Protein chains: 2
Amino acid sequence: MNDSFFQLPDNKRNKIINAGFRVFSQYTYKKSPMSEIAAEAGISKSLLFYYFKNKKELYLYLCRYSVEVTQQAMIEQNCYDNEDFFDVFLSGLKVKVQLMKSYPELSVFQLKAYYEKDKELRPEINRLIGQYSGFENQADSLGLKKEKFADGLDLEMMYKDMYYASEGYLWEKLQNNDIDPDKMEKDFVRMIGFWRKLYSRNNNEE
Amino acid sequence: MNDSFFQLPDNKRNKIINAGFRVFSQYTYKKSPMSEIAAEAGISKSLLFYYFKNKKELYLYLCRYSVEVTQQAMIEQNCYDNEDFFDVFLSGLKVKVQLMKSYPELSVFQLKAYYEKDKELRPEINRLIGQYSGFENQADSLGLKKEKFADGLDLEMMYKDMYYASEGYLWEKLQNNDIDPDKMEKDFVRMIGFWRKLYSRNNNEE
DNA sequence: TCCTTACTGACCGAATCGGTCAATGACATT
DNA sequence: AATGTCATTGACCGATTCGGTCAGTAAGGA
């Protein structure tokens, strides 16, 4: 990987990165042409090979970068130092949405990478992305304390409901290519508000 | 399209159809190789071209067939002659799940077809699939009568919650290649039960 | 024996893809 | 002005892939 890639002005470098995210998330690794990435980034294929010595290097760089930028965003959005369950959930969604502003296809790219089957890639992807750090495993760590919720509520079902609804919403928008981060954030805020009122012990407040 | 294709025994014909669904739903139309479909169906590429005169004909046949078989299932499951909102919703989900038993990739195929961008295919796909007949437009026609639900409930949000959660669930299972129709149906029944209790006016019953 | 029909493997021309390379132009140094 | 460095390109290459064809084969029925 050539150093000059990092000396590039941000907008030009991001254009290449986003082109990579887009192409690799639309096709399989093997069926993703370097030529298409170059064209979409507005540079020649040769130059792309000047920055990255081959396709594999570009792909793995994008993997690393996607993880890096996600973690960075999680920290900036201070996702963890909230104690209210609904606030934590919302801040997690905000990160996803915020990231889409800069990298619309990042989340799809990560998902595809997670399921990529290419033999010579699989081990390295595992090393980079590791366990999928989605929401579904966080149920326990989110401090679900029964006292705060309505009587007789099935907390597990509540969590699944919220998790799947969020995923379903995001997935539909991505499929529709209807990516409007600000609208998404508003939708999520409204959705969380709906749930908070529905699930909380005292729903006559607010 | 050769008649002999229809004279095939069901299992052999379905093997070809499912191979087509799988390949076309994994890749774009253009990047879906006839050879891969043939191999997965256990026949020679030549024979596939004996049944269908070219790739386009096979693809469009699969489009027609997917619509046909879906409508058939909707009728058999008598989706429409139910009056309770939750029952209607559940029967719709049951159709999807039931279809997966015979054609695991059908729903993904239809979705991909809906978003396929190939120029010479686009108009014909529109003619065959038409408006996407998902759940999201059915909200009004499902007879949502306020009296039946809890006080002050935002019915639109309730519907969106249920719709997106179902989509999110299905989508995750499809991505994970974790397709177990019976388990899915049980999950849906449980989920609908949760919602019914949560949203209904008298939730002390049941 | 002859005809039809289901089916195959070998083959073809065209396109695509990953990757290379010589050349060019911009710019800084001498 | 001459030299050197480096970003950038288009043309090119060999390998592979892909849609589609075709001659041929094996099976069965007339």
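Hydrogens, waters and symmetry mates are skipped; everything else that's a heavy atom, side chains included, is used. Every value quoted in this text rests on a predicted model; they were computed, and no experiment measured them.
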Just say parallel, tilted or perpendicular for the rings of [X] and [Y], cut-offs at 30° and 60°.
{"X": "A:Y65", "Y": "A:Y61", "value": "parallel"}
{"X": "B:Y103", "Y": "B:F21", "value": "perpendicular"}
{"X": "B:F24", "Y": "B:Y29", "value": "parallel"}
{"X": "A:Y199", "Y": "A:F86", "value": "parallel"}

Give me the residues of [range] where at least one heavy atom lies under 4.0 Å from an atom of DNA chain D, by number, or none.
{"range": "residues 4-16 of chain A", "result": "A:S4, A:K12"}
{"range": "residues 41-61 of chain B", "result": "B:K45, B:S46, B:F49, B:N54, B:K55"}
{"range": "residues 25-36 of chain B", "result": "B:S32, B:P33, B:M34, B:S35"}

Contacts of type salt bridge (Lys or Arg N to Asp or Glu O under 4.0 Å), residue [X], not counting sequence neighbours:
{"X": "B:K160", "value": "B:E156"}
{"X": "B:D182", "value": "B:K101"}
{"X": "A:K31", "value": "none"}
{"X": "B:E124", "value": "B:K56, B:R127"}

Terminal contacting nucleotides, 5' and 3', DNA chain C versus chain A (heavy atom, 4.0 Å): C:dC17 to C:dC21

Taking every non-hydrogen atom, the tightest pair across B:R190 and A:D154: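 That would be NH2-OD2, 3.2 Å.
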
Minimum heavy-atom distance B:L153-A:F194, with the two atoms named: CD1-CE1, 3.9 Å

Partners meeting side chain to side chain contact (heavy atoms under 4.5 Å, CB included) with B:D3 (sequence neighbours left out): B:F6, B:Q7

Qualifying side-chain hydrogen bond (donor to acceptor under 3.5 Å, both in side chains) pairs with a residue from residues 39-53 of chain B, counting only residues at least two apart or across chains: B:R22-B:E40

Under 3.5 Å between N/O atoms: give me all the protein pairs with nucleotides 24-30 of chain D, atom names plus distance.
none

Pairing of A:K96 and A:E167 as salt bridge, 4.0 angstrom limit: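 Result for this pair is yes, salt bridge flagged.
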
B:D87/B:K94 ion pair, N-O < 4.0 Å: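 No.
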
Sequence-distant partners of A:S4, side chain to side chain donor-acceptor pair (under 3.5 Å), two or more places apart: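 Listed in chain order: A:N2.
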
